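Along the sequence shown, residues carry numbers from 1. FYI, side chains are in, hydrogens and waters are out, and symmetry mates aren't considered; it's all heavy atoms of this structure. The shown structure was predicted, so the numbers you read here are calculated from the model rather than taken from an experiment.
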Amino acid sequence: MNPAMIDEEKNQVEEIPTRSQSEYKTGFLARLRHYEDALDRKLSVEGHSIQRRLPDERNPFYAGWSGQLSMFGFWVGGCMNLSSFATGFLGWELGLDLRQSILIIIFASIAGSTVTGWCATMGAPMGLRQVSICRYSLGWYPAKVIAILNVIQEIGWCASGSITGGQALSAFSDGKVGTAVGVVICSIASLVFSFFGLTACYRFMKYTWFIFLVMFLIMLGEIARFSDLSTPASVTGPTGSGAALSFFCVVYGCSACCAGYVSDFYVEYPATIPKINVFIITFLGLLLPTCLCAVIGAVAASALPHNEIWNEQYQRGIGFLVQTMVYPKGLAKLMLFLLIFTAIGLNCASMYSASLSIQLSTRKLAVVPRFVWTLICFAAVVALSLAGSDRLLVFLQNFLSLLGYYATAVFVCLVTEHYVFRGGSFDNYVLEAWDKPEMLPAGWAGGPALLCGIIGAILGMATTWYTGVAAKLIGDSGGDIGNELSLFFTLAVFVPTRLAERKILGR
């Protein structure tokens with residue numbers, strides 16, 4: 001980037017007046033702000049929300065290795081859950097054999113974790129939430145689209161977690177507590193943790209991730225002997241290739257989906273933390289639980305055709321299947337009880353980030369305290385969970401596929417902007433301009449690139465409710481190549497239009 005251009009932009013920071021929120025100093029919103037500030041002082045509910053965290057405002061705990069490794073526990077605790085376990089069943093549902101499913105799970109998880117791991121490296125140096133970071137490449141208004149998509153997918157993740165947690169609670173009670181009641185209970189517990197902000201989420205994961213890991217390892221030890229490596233895939237040729245592509249897309253979306261908000265969790269880390277540390281911690285923290293849980297799910301799914309009892313319990317719900325697979329019954333009950341908390345780990349981080357994305361979508365919504373949006377997200381999660389509780393795998397297949405598409409487009413824009421147009425240095429970002437649209441890209445490049453990426457995804461997507469024109473060309477049932485087309489279309493449009501935008505506008 002041209003140094004003269006950077007100096008000019010930094011000088012302009014002083015000339016552009018900060019937008020005042022004086023109109024919100026009285027009235028109902030002012031009272032809500034007052035309550036939030038009081039709660040922050042007494043209970044640390046994190047009232048600063050979307051503001052940029054300056055280097056001297058960061059929590060010193062995260063400067064040391066113990067603080068940095070706590071993020072590993074955060075990701076493992078959040079992703080080691082029944083939703084990831086259920087994802088592994090989709091390979092069997094699509095007609096793939098166990099070997100194919102395991103290989104796809106491994107490589108798709110690596111790809112998705114790489115995308116999210118790289119995006120995470122931008123949070124600490126900039127001290128900004130991911131949507132604010134997107135403004136430096138996509139522009140002010142296109143970044144609002146990312147905020148909206150974040151909210152949709154985070155509420156969807158919470159719904160997935162509540163459904164599986166509710167099923168676990170129902171199985172734990174031997175059906176005395178219905179799945180619907182379990183969904184509400186899991187959602188309420190998640191609300192409590194997310195209400196208190198990032199610190200509460202960290203603390204919950206810090207003390208639970210290892211328990212979740214041991215629990216799933218025990219499950220693997222119990223069911224590994226029932227795995228079926230001999231039965232071939234029921235789909236072959238182009239149709240088999242289409243099924244493999246679709247399953248890859250789902251698993252990839254499971255770990256890549258966090259790319260749109262991953263930096264939200266790193267604003268308290270020191271600005272000088274090595275990027276490689278952040279990448280490795282995030283990459284492994286996503287890869288380990290996603291791979292392990294999905295592989296266990298694939299192993300369990302391979303045994304269903306040969307085990308009528310397992311298959312019958314599987315039709316009742318994931319929780320009842322787990323109760324049947326694990327022996328003795330006392331251990332199964334204990335694991336079901338703990339599995340309820342895995343849903344809370346997934347939900348509390350997603351609900352927290354969803355409320356931030358709402359605030360970042362527009363300034364008018366930003367003045368409403370975060371805890372209000374958390375309550376609204378809670379209501380949406382309960383409604384969606386109750387609506388989709390009886391079709392979990394269909395919900396996961398459609399939902400996770402959609403998540404990967406926009407995450408891929410965001411990743412392409414961020415990487416290209418950082419290395420091609422910013423020289424790979426954070427010194428070339430005017431961080432004071434994060435909320436000043438006059439100093440950010442106008443969106444001439446980001447808007448069309450994002451739109452073309454979505455068009456590519458539509459052409460290549462293969463879901464239960466829609467199959468794109470390009471996807472239909474692969475086999476009898478189609479093959480999902482939405483991410484591949486989204487990557488190509490976004491890159492092909494963003495580079496030339498961003499060059500033109502910088503040449504004309506100088507920003």
Results of side-chain contact (heavy atoms from CB on, under 4.5 Å) for A259 - residues two or more places apart only: V115, T116, C119, A407
Side chain to side chain donor-acceptor pair (under 3.5 Å) filter on S162, not counting sequence neighbours, yields S187, N347
Tell me yes or no: between the side chains of E154 and S353, is some donor less than 3.5 Å from an acceptor? yes
Stepwise side-chain hydrogen bond (donor to acceptor under 3.5 Å, both in side chains) test for Y352 and D264: CA-CA 9 Å; Y352 162 80; D264 294 1; over 6 Å; no
Go through the structure and list residues passing ring-ring contact (aromatic ring centres under 6.0 Å, His included) with F216, not counting sequence neighbours. none
So, taking the atom named CD in Q130 and the one named CG in L414, what distance separates them when rounded to the nearest 0.5 Å? 6.0 Å
Among I458, I454, D480, L149, which one satisfies side-chain contact (heavy atoms from CB on, under 4.5 Å) with Y405? D480
Sequence neighbours left out, what passes side-chain contact (heavy atoms from CB on, under 4.5 Å) with L245? Give chain and number order. I474, I481, E484
When the ring planes of F337 and F341 are compared, do they come out parallel, tilted or perpendicular, using 30° and 60° as the limits? perpendicular
Among all residues two or more places apart in sequence or in another chain, which pass the side chain to side chain donor-acceptor pair (under 3.5 Å) test with Q68? N277
By side chain to side chain donor-acceptor pair (under 3.5 Å) - contacts of S230 (at least two apart): D228
For L487, the side-chain contact (heavy atoms from CB on, under 4.5 Å) test, sequence neighbours excluded, returns T408, V412
The salt bridge (charged side-chain N to carboxylate O under 4.0 Å, His left out) partners of K472 (sequence neighbours excluded) come to none
Applying ring-ring contact (aromatic ring centres under 6.0 Å, His included) to W310 and not counting sequence neighbours gives F226
Side chains of N59 and Y269: any donor to acceptor distance under 3.5 Å? no
Name all pairs fulfilling the side chain to side chain donor-acceptor pair (under 3.5 Å) condition that reach into residues 317-328, sequence neighbours left out, sorted by first residue then second. Q323-K333
Side chain to side chain donor-acceptor pair (under 3.5 Å) involving T282 - partner list, sequence neighbours excluded: Y266
Quick check: closest heavy atoms across I358 and C377, and the distance to 0.1 Å? CD1-SG, 3.7 Å
So, using side-chain contact (heavy atoms from CB on, under 4.5 Å) as the criterion, who are the partners of I211 when residues are at least two apart? L338
